[in-house]
Amino acid sequence: MTSVGIDAIEIHTGKLRLDLPETFAPAMGDAPEKYTKGLGLHASSFPDTYEDIVTMGANAAHRLMTRKGLEPDDIGRIDVATESAFDQSKPVSTYIAGCLEQVFEGDFHHANKGERKFACVAGTQSIDDAYNWIRAGRHRDRAALVIATDTALYARDDPGEATQGAGAVAMLIDEDPDLVELSNEQGFGSADETDFLKPQQQFPSVDGKRSVNVYLARMREALIDYQRVAGTIHAEDFRLGPFHTPFPGMVRKAAVLAYRHITRDTEIEDELEAEIGRQPRHEEFDDDEAYMEALSEYTDALQGTERYKTWYARTIDPTLDISRHVGNWYTGSVHVARVSGLKSLAEDGEDAVGERLLVGSYGSGAQAEIHVETIQENWLEEIDALNIDEQLEARYELTFEEYEDVHDAHNYDEDAVVEEFTVPDSEFVFDGWGRMGERKYRFVE
Ligand code: CAA
């Protein structure tokens with residue numbers, strides 16, 4: 001079977017930075033530890049006034065195509081995943097293709113373009129579409145460009161405001177990929193849920209506490225479904241576990257449940273028995289409440305074992321490094337987690353070729369998807385080419401008053417005129433409105 005996967009990745013972060021413990025917490029009357037320890041977040045990335053989902057996506061794609069020496073003719077498909085779209089009909093991919101045509105010779109007139117919507121899981125769904133298109137042999141030797149781009153802003157004073165972020169991830173899906181190969185097997189956990197939605201509104205309506213439980217429930221179902229098709233998996237089968245990361249504290253909750261699930265009936269459960277007992281089994285309990293209580297006690301104890309802490313530090317923690325400094329990027333978030341983990345392996349000088357990743361994507365509404373990726377021969381070259389550290393370092397530091405202004409500048413209901421904070425350099429920028437209400441863009445040299 002042809003190997004299909006992610007050939008290259010580029011990340012573009014919003015160019016402003018909001019410090020959460022130092023700037024946001026005091027203004028909100030919160031303890032800084034709520035952010036650094038509870039949510040696991042230090043900062044959010046924000047879009048400058050000339051940035052939006054199109055500029056960030058086009059800038060990531062531009063860098064990717066330039067670095068890989070690609071022309072528009074090499075791309076047969078452009079799919080954009082976003083939950084921040086501003087047009088109910090014309091897909092964001094057409095705006096991004098229009099941007100790219102300003103700087104590349106040729107055009108994308110024969111590329112199939114679309115926009116994928118299922119909250120944060122849509123980026124992974126777009127990869128899935130590209131994978132199927134290539135596997136079906138309909139790609140005519142061309143690759144697919146998948147762009148996950150979001151301005152993940154919440155209404156002011158919504159609890160979600162703590163987890164905001166903005167950025168884009170561009171990914172090239174191709175045969176014989178340089179970075180990771182995708183498994184054919186995948187598992188789903190999907191149900192009609194009302195936890196996070198935007199019915200004809202810019203900022204989400206969120207039932208925050210419920211959304212956390214829905215994430216955990218759907219992820220568990222997806223894991224069980226994955227095992228149904230791929231067979232039993234073992235905790236040590238995977239070098240990294242990149243999960244959808246709305247905030248690192250969410251992944252901390254998910255990881256221990258996943259570990260508990262995949263270590264049941266294994267030698268790890270046997271080895272831990274003397275220390276914390278065996279996992280409670282439903283059939284041993286007369287009522288659900290007693291079972292849930294015992295399960296919760298076991299999970300707390302499991303989290304405190306050296307065995308678990310070592311697994312978490314090696315498999316999960318490295319995937320959270322970037323997220324801690326950028327916040328939630330919705331559709332891009334799980335793809336940032338993958339990059340973060342691989343970047344950490346590169347920094348540690350690991351020979352990771354052939355190692356496997358257990359990737360858990362999630363979108364509210366709600367659906368989780370689990371698949372496996374295998375690290376390819378040229379992965380290091382791809383990871384070394386990223387300039388995410390320089391981008392993060394170069395962000396403009398917002399004061400709280402400036403944060404309030406820039407939030408207003410991006411709020412459709414506010415008529416705020418706010419000066420840009422940074423100077424655009426060799427990038428696409430928002431350039432005002434066209435005669436039919438469309439957003440216009442230009443490349444600034
Ligand atoms: N020191 C240490 N920890 C502290 C602390 C302190 N001084 N103060 C608070 N904390 C801890 C809390 O104990 C809590 O941790 P636990 O959940 O482990 O107990 C954590 O910090 C957050 O504190 P609160 O629960 O009090 O925070 P909150 O009620 O203000 O909001 C939230 C938390 C519900 C997640 C909110 O940020 C939110 O609504 N976020 C948006 C929704 C979201 O991201 N949901 C995630 C699942 S859905 C999804 O993944 C899709 C998506 O991308 C949106």
Side-chain angles (χ1 to χ4, degrees), residues 18 20-22 24-42 44-45 81-84 117-125 148-167 169 189-191 193-198 201-220 222 242-258 296 299-300 303-304 312 319-320 323-324 326-337 359-370:
L18 177 67
L20 294 170
E22 297 286 327
F24 190 70
M28 303 305 285
D30 289 331
E33 293 77 18
K34 170 176 171 181
Y35 299 85
T36 52
K37 295 210 169 87
L39 297 168
L41 286 170
H42 293 263
S44 304
S45 278
T82 186
E83 35 190 317
S84 325
K117 179 175 70 180
F118 197 145
C120 309
V121 78
T124 297
Q125 290 184 314
T149 180
D150 271 298
T151 47
L153 302 190
Y154 290 75
R156 295 296 317 281
D157 297 325
D158 184 290
E161 200 182 0
T163 66
Q164 296 176 117
V169 182
S190 190
E193 296 278 6
T194 311
D195 53 337
F196 173 111
L197 53 157
K198 295 183 177 182
Q201 63 198 45
Q202 184 187 5
F203 301 125
S205 296
V206 194
D207 186 341
K209 301 288 180 206
R210 184 168 156 64
S211 75
V212 169
N213 290 330
V214 175
Y215 177 118
L216 296 174
R218 302 289 82 81
M219 207 58 107
R220 181 171 175 276
F243 280 42
H244 169 58
T245 313
F247 52 93
M250 181 70 239
V251 175
R252 198 171 55 222
K253 290 182 203 291
V256 66
L257 300 193
S296 162
T299 310
D300 288 346
Q303 208 157 10
Y312 183 87
T319 69
L320 307 175
S323 167
R324 285 190 187 97
V326 302
N328 193 359
W329 288 9
Y330 288 164
T331 53
S333 158
V334 65
H335 309 293
V336 167
V359 182
S361 305
Y362 173 74
S364 295
Q367 180 161 303
E369 191 259 16
I370 300 263

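Counting starts at 1 for both ligands and their atoms, in listed order. On a predicted model such as this, the values are computed, not experimentally measured, just so you know.
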Q) Mind checking whether Phe196 and Tyr330 have parallel, tilted or perpendicular rings, split at 30° and 60°? A)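 Judged by the thresholds at 30° and 60°, the geometry between Phe196 and Tyr330 is perpendicular.
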Check ligand 1 for close polar pairs with the protein: N or O on both sides, less than 3.5 Å.
residue: ligand 1; atom: 17 (O); partner: Lys253; partner atom: NZ; Å: 2.6
residue: ligand 1; atom: 18 (O); partner: Lys253; partner atom: NZ; Å: 2.9
residue: ligand 1; atom: 25 (O); partner: Lys209; partner atom: NZ; Å: 2.5
residue: ligand 1; atom: 29 (O); partner: Lys209; partner atom: NZ; Å: 3.0
residue: ligand 1; atom: 30 (O); partner: Lys34; partner atom: NZ; Å: 2.7
residue: ligand 1; atom: 37 (O); partner: Pro159; partner atom: O; Å: 3.2
residue: ligand 1; atom: 45 (N); partner: Ser211; partner atom: OG; Å: 2.8
residue: ligand 1; atom: 50 (O); partner: His244; partner atom: NE2; Å: 3.2
residue: ligand 1; atom: 53 (O); partner: His244; partner atom: NE2; Å: 2.9
residue: ligand 1; atom: 53 (O); partner: Asn328; partner atom: ND2; Å: 2.8

Do Asp150 and Thr331 have a side chain donor and acceptor closer than 3.5 Å?
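The answer is yes; a qualifying pair exists.
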**Prompt:** Have Ser361 and Thr124 got a donor and an acceptor in their side chains that come within less than 3.5 Å?
**Reply:**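 Their side chains do contain a donor-acceptor pair, which is all the 3.5 Å distance test asks for.
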Can you give the donor-acceptor pairs under 3.5 Å from side chains of residues 29-38 to other protein atoms, not counting sequence neighbours?
residue: Asp30; atom: OD2; partner: Tyr35; partner atom: OH; Å: 2.5
residue: Thr36; atom: OG1; partner: Pro32; partner atom: O; Å: 3.4

Item to complete: Please say whether more than 12 non-hydrogen atoms of neighbouring residues, nucleotides or ligands are located less than 6.0 Å from NZ in Lys117.
Response: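 Counting other residues, nucleotides and ligands, NZ of Lys117 stays at 12 neighbours or fewer.
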Review point. What's the shortest heavy-atom distance between Glu193 and Val214, and which atoms?
Key: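 Shortest heavy-atom contact: CG-CG1, 3.7 Å.
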